[in-house]
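Single-structure report; data block below.
Just so we're clear, the structure is a prediction, and the values are computed from it rather than from any experiment. Here is the naming used below: chain letters follow the sequence lines, and residue numbers restart at 1 for every chain.
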Amino acid sequence: MFLLYITNTQFIILILKSGKILLMNQILTERIESLLLLSEKYQPRKEIESKYPSRNLPADAIVTRSAPSPTGFMHIGTVYMCLLNQFFARQTGGVYMLRIEDTDKKRELSDGISQIVDALNQFGLVPDEGLKSDGTNYGNYGPYLQSQRKAYYLSYAVDLLRSGRAYPCFATKEQLDENYKKQQTAKVRPGYYGEWALWRNKTDEEVVVALDANTPFVLRFRSEGSHDKRVLIDDVLKGKLELPQNDLDVPLIKADGSQLPTYHLAHVVDDYLMKTNIILRGDEWLPSTPLHIELAEALKIEPFRYAHFAAISVIDKNGGGKRKLSKRKDPEADVKYWTAAGYPIEGIKAYLLGLANSNFEDWYRANPDKPLEQFELSLNKLAASRSPLLDMPKFEDYCKDFIASLDQKEFNKRVIESSKLNEPDFYECIKSDEEYTNNVLSIERSGNKPRKDMSKWSESLQLYGYFYDDIYLKEFAPKISDELADFAPEVINEVVKNFNDSYNPNDDQQTWFNKVKEAAEKSGFATDNKAFKANPELFKGNVADYAKILRVKLTGKNRTPDLYTMMSVMGANRVKSRIK
RNA sequence: GGUCCCAUCGUCUAACGGUUAGGACACUAGAUUCUCAAUCUAGCAAUACGAGUUCGAUUCUCGUUGGGAUCACCA
């Protein structure tokens, strides 16, 4: 790539691949180094790398990592990525790491790390190596918090500086903006490259002047690529791609006082040291992959295997177009939106697995009792083409299926847990009579065709609250008159009277229903549905309408389980106190 | 604007170059001697457009159109 001569003076002569000759004053280089290494000690590459031995793993084991930044709430897309990483690592006997990319101190949130770690715990996606909620590291390839790895990045950066592949840039924000505007008017590609790279070819004298004035600088990569040449990428998911080479002199070390690296340097250094096997990441990174390839090359690092996958999208409610699920615009981007609503974690995971591999659906149906972890996720089938749209009805369907499939004990437990957190009054009622509660929660859940009307735990109150008198009176009884607005008061009174006259809580279901039919007929309702359909004007309604009056009186709702079952569970006193 | 990616029912997707273009969710209708849910049955519904290669194209090629990503001292 270049030849290096150390002359008997203080100059280093660099002959670049492009044929350009660079003269660099060694004293100047050392001065820049010392500014970079302000608070850290330079570590020779060999010293660093001896701390990261090769992993003793099977040949086809996949080592993955998720690398979120602690700058906001936990994104559902991050959960998706962690899920994929965990599956591929686990299936191959590999390792799944969590690395926190806290290199942007301006945007960092104080609880950023715990938000990420807690969410992963909640989802059963605890990494094999990484950080705990309190920020402590575990695993032998750490630290896993990038700000604790500063000395490494700086050492590699200094290596690049010494080899002529990095240089300081003192340009101000204003100068860069002006550069950008000039590029716009000249209608050329924007960016810091070639002749537009303001400090790429400055003389030593100019650099010295800037340093003497204590001007802060970013350390930039000196790219040797050409936009006209191509680089081949064999993406694990997208296949063979041809992109223009990188020619941008991107920042490697920031000038914001933190001395921290940008993503680009951090990614290459970390994934090299941590022995990441497959860089599974969002396809927004695809355009900068040539840069990462060049950076790795400059650092004499074997190229990585990349797997770029598409992010989850939503339909923009304002524009109507499809776009990436965004932190700022979409509440459902935040995992808390899902968990706070009480969607079951398993339902969320199942839905996400279905997005990743469409054959998951069939497997899930065929193996209802197996844990999700037994599904063999396929890298080949991972949707690589475009970003799937978040389909809430389908997602809720997964959740309904899952909740319906829970055994009674587990179902009760989760309803109780959720109400304890969110509905204290309801929780009090539930706890006041556990036997009654168990009967209530068991309604229409047994057999092979259980009810499937609950997609999230927050629906517990609406679905079961009216079984408890306090809640019934407060929340449900007030709705009765609205629900029964179609019926005249005297009709309702007659229905109530006729029902009570014949109601015997000891009747079995058939007897009970026969009596209901008799009472309906007596009240002027049709029991023969065909007759009713033929001449609806002859009746006040059919049995369904008759039942609706009883149902609404009893529950304040017109969507409930079977009447007879509810009455049996509620008991005669409760029934009589409501149907009157 | 440059660059790259992508294009099958409303949505997620399946289909060695030969299928009646399949499934799931959603939707509609019917059945289930009480509502809703569940369940069952039926139905609606797609290869963006235009060329080319081929006996034959959803599949391969080119173009058009449309969508997405990216072009920060953010990751």
Side-chain angles (χ1 to χ4, degrees), chain A residues 67-71 101-104 106-107 146 169 171 173 176 180 183-184 187-192 216-220 227 233 235 238 241-244 248 250-258 260-264 266-267 281-290 308 310-311 313 315 321-324 351 354-355 357-359 361-362 364-365 381 383-398 400 404 444 447-454 463 513 516-517 520 527-530 542-548 550-552 555 557-564:
Chain A
S69 57
T71 51
E101 311 224 322
D102 64 333
T103 54
D104 187 357
K106 288 188 295 291
R107 296 199 311 150
Q146 285 185 327
C169 163
K173 175 95 172 55
L176 292 173
Y180 179 75
Q183 289 172 323
Q184 276 193 315
K187 295 205 166 151
V188 297
R189 190 163 48 89
Y192 195 99
F217 63 88
V218 287
L219 189 74
R220 283 187 183 267
H227 192 69
I233 296 167
D235 190 275
K238 294 187 185 284
L241 302 170
E242 215 179 72
L243 268 61
L248 296 173
V250 294
L252 300 175
I253 300 292
K254 298 176 183 182
D256 60 2
S258 69
L260 284 167
T262 57
Y263 170 84
H264 310 296
H267 146 56
R281 63 182 183 187
D283 62 6
E284 69 269 21
W285 290 110
L286 195 56
S288 47
T289 304
H308 291 99
S313 328
I315 290 285
K322 190 172 165 179
R323 60 169 166 74
K324 216 169 104 177
Y351 176 69
L355 281 186
N357 274 189
S358 62
N359 58 322
E361 249 176 59
D362 293 333
Y364 192 49
R365 217 183 311 281
K381 289 188 184 115
S385 48
R386 52 185 175 156
S387 45
L389 215 47
L390 197 59
D391 185 349
M392 284 308 275
K394 185 156 187 169
F395 160 64
E396 292 199 341
D397 184 67
Y398 269 104
K400 284 179 187 172
E444 289 184 7
N448 52 359
K449 291 174 189 171
R451 289 186 77 79
K452 288 188 186 170
D453 48 6
M454 191 190 243
L463 291 173
F513 187 57
V516 164
K517 282 203 284 192
T527 49
D528 180 343
N529 212 24
K530 279 177 191 149
N542 63 2
V543 178
D545 295 316
Y546 179 86
K548 179 178 174 180
L550 297 181
R551 182 183 311 280
V552 171
T555 66
K557 297 179 57 167
N558 60 19
R559 278 185 51 182
T560 74
D562 169 68
L563 260 181
Y564 174 78

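- As rounded to the nearest Å, B:U11 and B:U70 have C1' atoms that lie 27 Å from one another.
- In this structure, CG of A:Leu355 is placed 11 Å from C1' of B:U11, rounded to the nearest angstrom.
- Residue A:Asp545 is classed as having no contact, given no heavy-atom separation below 4.0 Å to the nucleic acid.
- A straight line from NZ of A:Lys187 to C1' of B:U3 spans 18 Å, rounded to a whole angstrom.
- For A:Phe217, the ring-ring contact (aromatic ring centres under 6.0 Å, His included) partners two or more places apart in sequence, or in a different chain, are A:Phe170.
- Partners of A:Leu550 according to the side chain to side chain contact (heavy atoms under 4.5 Å, CB included) rule, which considers only residues two or more places apart in sequence or in another chain, are A:Val495, A:Phe499, A:Tyr546, A:Leu563, A:Ile579.
- Checking B:G52 for Watson-Crick or G-U wobble geometry (two distances, each under 3.5 Å) identifies B:C60 as its partner.
- Separating the P atom of B:A21 from that of B:C44 is a span of 13 Å, rounded to the nearest Å.
- Within the 4.0 Å cut-off from OP1 or OP2 of B:U39, at least one side-chain nitrogen or oxygen of A:Lys452 is found.
- Look at the P atom in both B:G30 and B:C36: the space between them is 11 Å, to the nearest Å.
- A:Tyr351 is not listed as a side-chain neighbour of A:Asp397, based on a closest heavy-atom distance of 4.5 Å or more.
- The closest side-chain heavy-atom distance from A:Lys400 to A:Met454 is not below 4.5 Å.
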Full working for side-chain contact (heavy atoms from CB on, under 4.5 Å) between A:Asp283 and A:Lys238: CA-CA 10 Å; A:Asp283 62 6; A:Lys238 294 187 185 284; 3.4 Å; yes

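- If you find the closest nucleotide of RNA chain B to A:Asn359 and to A:Thr560, the one lying nearer the 5' end belongs to A:Asn359.
- Across B:G1 and B:U54, the matching P atoms stand 37 Å from one another, rounded to whole Å.
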Collect all protein-nucleotide pairs involving nucleotides 71-75 of chain B in which both atoms are nitrogen or oxygen and the distance is under 3.5 Å.
| residue | atom | partner | partner atom | Å |
| --- | --- | --- | --- | --- |
| B:C73 | O2 | A:Ala255 | N | 2.6 |
| B:C74 | OP2 | A:Lys254 | NZ | 2.8 |
| B:C74 | O2' | A:Arg107 | NH2 | 2.7 |
| B:A75 | OP1 | A:Thr103 | OG1 | 2.9 |
| B:A75 | OP1 | A:Lys254 | NZ | 2.2 |
| B:A75 | O3' | A:Glu101 | OE1 | 2.4 |

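- For the pair A:Lys557 NZ and B:A37 P, the computed distance is 12 Å after rounding to whole Å.
- Contact check for A:Leu286 versus A:Leu241: side-chain heavy atoms found under the 4.5 Å cut-off.
- Scanning for side chain to side chain contact (heavy atoms under 4.5 Å, CB included) contacts around A:Asp104 gives A:Lys106, A:Arg107, A:Lys254, with sequence neighbours left out.
- Side-chain contact check for A:Glu444 versus A:Asp562: some heavy-atom pair is nearer than 4.5 Å.
- Spacing of P atoms, B:A26 relative to B:G56, comes out at 42 Å, to the nearest Å.
- With sequence neighbours excluded, the residues satisfying side chain to side chain contact (heavy atoms under 4.5 Å, CB included) with A:Thr560 are A:Tyr466, A:Arg551, A:Thr555, A:Lys557, A:Met566.
- A:Pro388 approaches A:Leu355 most closely through the heavy-atom pair CB-CD2, 3.7 Å.
- Using a 4.0 Å heavy-atom distance criterion, A:Glu242 is classed as a sugar-phosphate-only contact.
- Atom pair A:Met454:CE and B:A38:P shows a separation of 15 Å (rounding to whole Å applied).
- Partner assigned to B:A24 is B:U11, using Watson-Crick or G-U wobble distances below 3.5 angstrom.
- Per the geometry, CG belonging to A:Leu241 stands 8 Å off C1' belonging to B:C5, to the nearest Å.
- Distance NE2 (A:His227) to C1' (B:U70): 12 Å, rounded to an integer number of Å.
- Across the C1' atoms, B:U8 and B:A48 are found 10 Å apart, a figure rounded to whole Å.
- B:C40 is paired with B:G30 under the criterion used here, namely a Watson-Crick or G-U wobble arrangement in which both key atom distances are under 3.5 Å.
- Base pairing annotation: B:A46 forms no Watson-Crick or G-U wobble pair, as no partner gives both donor-acceptor distances under 3.5 Å.
- For A:Tyr351 and A:Glu444, each mapped to the nucleotide of RNA chain B holding its nearest heavy atom, the one lying further toward the 5' end belongs to A:Tyr351.
- In a base pair of the Watson-Crick type (N1 to N3 plus N6-O4 or O6-N4) or a G-U wobble (N1-O2 and O6-N3), with each distance short of 3.5 Å, B:G17 is matched with no nucleotide.
- Residue A:Phe513 contributes atom CZ, which lies 12 Å from atom C1' of B:U32 at whole-angstrom precision.
- Taking the C1' atom of each, B:A57 and B:U19 are spaced 14 Å apart, rounded to whole Å.
- You'll find the side chain of A:Cys169 reaches within 4.5 Å of the side chain of A:Tyr192, heavy atoms only.
- Only the P atoms considered, B:C27 is 16 Å distant from B:G10, to the nearest whole Å.
- When the P atom of B:C4 is taken as reference, atom CG of A:Leu243 falls 7 Å away, rounded to whole Å.
- Pairing partner, B:G66: B:C6, with both Watson-Crick or wobble hydrogen-bond distances short of 3.5 Å.
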Could you run down the sub-3.5 Å N/O contacts of the protein with nucleotides 23-30 of chain B?
| residue | atom | partner | partner atom | Å |
| --- | --- | --- | --- | --- |
| B:A24 | O4' | A:Glu361 | OE1 | 3.1 |
| B:A24 | O2' | A:Glu361 | OE1 | 3.1 |
| B:A24 | N3 | A:Lys394 | NZ | 2.9 |
| B:C25 | O2' | A:Lys394 | N | 3.2 |

